[in-house]
Structure formats: structure tokens, C-alpha cells
Amino acid sequence: MASTQARNKNRNRPTKSHSARLKRQNDHKKRLVALGMDQATVDAMNPKDVRDKLKYPAKVAKECAANNS
């Protein structure tokens with residue numbers, strides 16, 4: 001008889017590694033800086049805020065252009 005772990009494929013999936021998560025978060029921060037946000041502002045943001053900003057990159061670029069003018 002198979003155990004619950006063997007039958008439930010969602011529980012068998014490997015978890016994401018810590019280094020992969022950090023790399024992904026750093027890539028997101030680099031994208032925000034490339035859109036025109038200040039590096040210090042991006043560094044102060046938490047990962048959820050960074051992801052929320054990247055959902056609408058055109059809006060972020062427009063806000064940054066307005067702030068820099």
C-alpha cells in the first residue's frame with residue numbers, strides 16, 4: 001500500500017532553495033533600479049512590495065520620471 005506522501009504529488013515537489021530565492025529577489029531589485037527607482041529606496045523595500053511594484057512596470061517608470069523632473 002502506498003503512503004500518503006507517495007500519492008500526493010503536491011507534497012513530493014522539491015522546495016525552492018534559499019540561494020535561488022535570493023537571486024530572484026536581487027534580480028527583481030535590479031529591474032526596479034533599471035526602471036528609474038532610487039537604489040536606496042529599493043533596498044529599503046521588502047520583497048512583497050518589490051513584487052507588487054513590478055506588476056506594473058510602466059506605472060513605476062512614469063512615477064520615477066515624474067519624481068526626477
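Keep in mind it's a predicted model, so treat the numbers as computed, not measured.
Distance check, rounded to the nearest 0.5 Å: NE2 of His28 to NZ of Lys23 gives 10.0 Å. Distance check: Thr15 OG1 to Arg21 CZ gives 8.0 Å after rounding to the nearest 0.5 Å.
Checking Gln39 against Asp43 by side-chain atom types alone, a donor-acceptor pair falls below 3.5 Å.
In this structure, Asp49 contributes its side chain and Met45 its backbone to no donor-acceptor pair below 3.5 Å.
Between Met37 and Arg31, the closest side-chain pair of non-hydrogen atoms is not below 4.5 Å. Looking at heavy atoms from C-beta onward, Thr41 lies out of side-chain contact with Leu32 at the 4.5 angstrom threshold.
No continuous path of hydrophobic side-chain contacts links Tyr56 to Leu54 [ILVMFWY only; heavy atoms under 4.5 Å].
Between Leu35 and Cys64, the shortest heavy-atom contact is O-CB, 4.2 Å.
Note on Asp27 versus Arg24: no salt bridge recorded, every NZ/NE/NH1/NH2 to OD/OE distance being 4.0 Å or above.
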